[in-house]
Amino acid sequence: MVIVLHGENELELQEALRELREAVGDAAAQSMNVSVLDGRRVSPAELQAACAAMPFLAARRLIIVEGMFARERRRAREENALLEALSVVPPTTWLVLVEPRTLPEDHPLLRWIAAHPDLGEVRHFPLPSPRALPEWVMARARRYGGTFTPQAASALAALLTDPRLLDQEIHKLVIWAAGRPVTPQDVERLVPYAAPISLFELTEALGRRDVHRALAALHRLLAEGEHPLGLFGMIVRQFRFMLLMKEQLEDGLSPAEAGNLLGLHPYAARKIAEAVTAFSISQLEAFYRNLAELDVAIKTGQIPDVVALETFIVSVGRREIP
């Protein structure tokens, strides 16, 4: 049987590969019946010979070939010979072809599987889309016997996109929560990539005009080593997105549609859409102009960078801004 594993989601692809190894038997059985070949160098004859060998004290052999079609320009004769070798894989052998990228639908290997459904199968492991990532986080948590609140799943998904890194953090958070749902506070406390959560707390507090919390978040970020000008740049970016979001919402778009247009993560788009309800377009334009003026004042030495940040935060809390 021929099994094709392809896609960029290395975590789930390797998990599937591990399950196939375990189906061969214990460690001793695997040592005698599992072979790994370099697909970039294996010849059709070598592949056929490896597959023809009989299993030893096990029901099947497992032949893993990595990157057999990674070479973009295989000679047509060699490619055809490799595909012909697939047709003579005995029932006692599982030939697993691993490709660490998504193969196009018209790829010769996928076309061969489609033409021989009784001889093989295809398993695709794409990376989760940004929109699907929070649900992916919650599904992985269930594998470890835990749960995430939707807010915590979205917060973690906003920090990391690599499935392997995400999985490590999910496992750690589930153990930490010890039976209760993982919360956004757990993510902020335990995830080493969570500095953006503190920054998001700052920008979110600004959106709610919560001066006290915004100032507290600012000074915590400064104490953690964030550079004032870096924070200033992120605030400028946040208010730019708030202004653009407000304009799109007033044009009749939904938060999700506006977020897609602006290239925002769904969680960030939803939060920004919630924040802009507290402001008019004229207010957001005034804040954006104020940031531009402060930027010039900082660069010309008229005002210290930290004072400029504090001044802007206080100005956001003033209700009389037009």
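In what follows, residues are counted from 1 in the order of the sequence shown.
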Residue pair Ile64, Arg21: steps toward the side chain to side chain contact (heavy atoms under 4.5 Å, CB included) verdict: CA-CA 10 Å; Ile64 301 169; Arg21 283 177 175 272; 3.7 Å; yes
Full working for side chain to side chain contact (heavy atoms under 4.5 Å, CB included) between Glu121 and Met1: CA-CA 8 Å; Glu121 64 179 67; Met1 181 176 187; 2.9 Å; yes
Steps toward side chain to side chain contact (heavy atoms under 4.5 Å, CB included) verdict (Asp162, Leu166): CA-CA 6 Å; Asp162 180 84; Leu166 269 172; over 6 Å; no
Chi angles and distances behind the ring pair (Phe, Tyr, Trp, His ring centres under 6.0 Å) call for Phe287, Phe239: CA-CA 8 Å; Phe287 288 135; Phe239 272 83; 5.8 Å; yes
Verdict with reasoning, Met234 to Leu231, per side chain to side chain contact (heavy atoms under 4.5 Å, CB included): CA-CA 5 Å; Met234 292 304 296; Leu231 295 177; 5.6 Å; no
Steps toward side-chain hydrogen bond (donor to acceptor under 3.5 Å, both in side chains) verdict (Asn260, Glu257): CA-CA 5 Å; Asn260 285 336; Glu257 291 169 335; over 6 Å; no
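Side-chain contact between Pro100 and Leu13 is absent, with no heavy-atom pair separated by less than 4.5 Å. Between His124 and Thr102, the closest side-chain pair of non-hydrogen atoms falls below 4.5 Å. Two residues are said to be in side-chain contact when any heavy atoms from C-beta on lie closer than 4.5 Å; Leu173 and Val191 meet this criterion. The closest side-chain heavy-atom distance from Glu247 to Ile281 is below 4.5 Å. Proximity of Glu310 to Ile313: side-chain heavy atoms (C-beta onward) are nowhere separated by under 4.5 Å. Residues Pro163 and Leu127 have side chains in contact (heavy-atom distance under 4.5 Å, counting atoms from C-beta outward). You'll find the side chain of Val34 stays beyond 4.5 Å of the side chain of Arg61, heavy atoms only. Side-chain contact between Lys172 and Trp176: absent, with no pair of heavy atoms (C-beta onward) separated by less than 4.5 Å.
The pair Glu8-Arg164 does not meet the salt-bridge criterion, since no charged nitrogen lies less than 4.0 angstrom from a carboxylate oxygen. Here Arg140 pairs with Glu15 in a salt bridge; the nearest charged N to carboxylate O distance falls below 4.0 Å. Under 4.0 Å is where a charged nitrogen must lie from a carboxylate oxygen, and between Arg220 and Glu188 at least one such pair does. Comment: Asp186 engages Arg180 in a salt bridge, judged by a side-chain N to carboxylate O separation of less than 4.0 angstrom.
Among all heavy-atom pairs drawn from Val89 and Cys51, the shortest one is CG2-SG, 4.2 Å. Taking each heavy atom of Pro128 and Leu133 in turn, the nearest pair found is CB-CD1, 3.6 Å. The minimum heavy-atom distance linking Ile298 with Ala308 is given by the pair CD1-CB, 3.6 Å. Taking both residues in full, the closest heavy atoms of Leu249 and Ser254 are given as CD2-C, 3.9 Å, listed atom of the first, atom of the second, then distance. Taking each heavy atom of Gly259 and Met245 in turn, the nearest pair found is N-CE, 4.2 Å. Scanning both residues, Arg123 and Ala16, for their nearest heavy atoms gives NH1-CB, 4.3 Å.
At a threshold of 4.5 Å between side-chain heavy atoms, the hydrophobic network of Ile, Leu, Val, Met, Phe, Trp and Tyr places Val88 and Leu86 in two separate groups. Under the 4.5 Å side-chain heavy-atom criterion for grouping Ile, Leu, Val, Met, Phe, Trp and Tyr, Leu165 is connected to Val174 within one hydrophobic cluster. Both Val314 and Ile235 are assigned to one and the same hydrophobic cluster, defined by single-linkage of ILVMFWY side chains at heavy-atom distances under 4.5 Å. Side-chain heavy atoms closer than 4.5 Å link hydrophobic residues (I, L, V, M, F, W, Y) into clusters, and following such links, possibly through other members, connects Leu95 to Leu37. One hydrophobic cluster, built from ILVMFWY side chains closer than 4.5 Å, holds both Leu291 and Leu215.
Of the candidates Thr93, Leu62, Thr92, Pro55 forms a side-chain contact (heavy atoms from CB on, under 4.5 Å) with just one, namely Thr92. The only member of Leu221, Leu218, Leu222 that meets side-chain contact (heavy atoms from CB on, under 4.5 Å) when paired with Pro228 is Leu222.
The backbone N or O of Pro134 sits nowhere less than 3.5 Å from a side-chain atom of Ser154 that would complete a donor-acceptor pair. Although no hydrogens or angles enter the test, the distance criterion places no donor-acceptor pair under 3.5 Å between the side chain of Gln30 and the main chain of Val24. Judged by distance alone, with hydrogens and angles left aside, the side-chain atoms of Glu99 form a donor-acceptor pair with the main-chain N or O of Met68 at under 3.5 Å. Of the possible polar contacts, none joining the Glu22 side chain to the Glu19 backbone as a donor-acceptor pair under 3.5 Å is found. A distance-only check finds a donor-acceptor pair linking the side chain of His107 to the backbone of Leu109 [under 3.5 Å]. For the pair Glu46 (side chain) and Ser43 (backbone), a donor-acceptor distance under 3.5 Å is present. Side-chain N or O atoms of Lys246 include one that pairs as donor or acceptor with a backbone N or O of Phe279 at under 3.5 Å. Asn290 contributes no side-chain N or O that, together with a main-chain N or O of Ala286, makes up a donor-acceptor pair within less than 3.5 Å. The backbone N or O of Ser280 lies less than 3.5 Å from a partner atom in the side chain of Gln283, making a donor-acceptor pair. When atom types are taken as modelled, the side chain of His6 and the backbone of Leu103 share a donor-acceptor pair closer than 3.5 angstrom.
In this structure, Leu229 CG and Leu309 CG are separated by 8.0 Å, a value rounded to the nearest 0.5 Å. Between atom CG of residue Leu20 and atom CZ of residue Arg60 there is a gap of 9.5 Å, rounded to the nearest 0.5 Å. Residue Ile3 holds its CD1 atom at 12.0 Å from CD1 of Ile63, rounded to the nearest 0.5 Å. To the nearest 0.5 Å, the span separating OG1 on Thr149 from CE on Met138 amounts to 8.5 Å. Atom CE of Met54 is separated from atom CG of Asn33 by 10.5 Å, given to the nearest 0.5 angstrom. Here CD of Glu66 is found 10.5 Å from CG of Leu5. Values are rounded to the nearest 0.5 Å.
Within the structure, ring pair (Phe, Tyr, Trp, His ring centres under 6.0 Å) contacts touching residues 132-160 (residues at least two apart or in different chains) are Tyr144-His171.
In summary, the aromatic rings of Phe232 and Phe312 are positioned with their centroids too far apart to meet the 6.0 Å limit.
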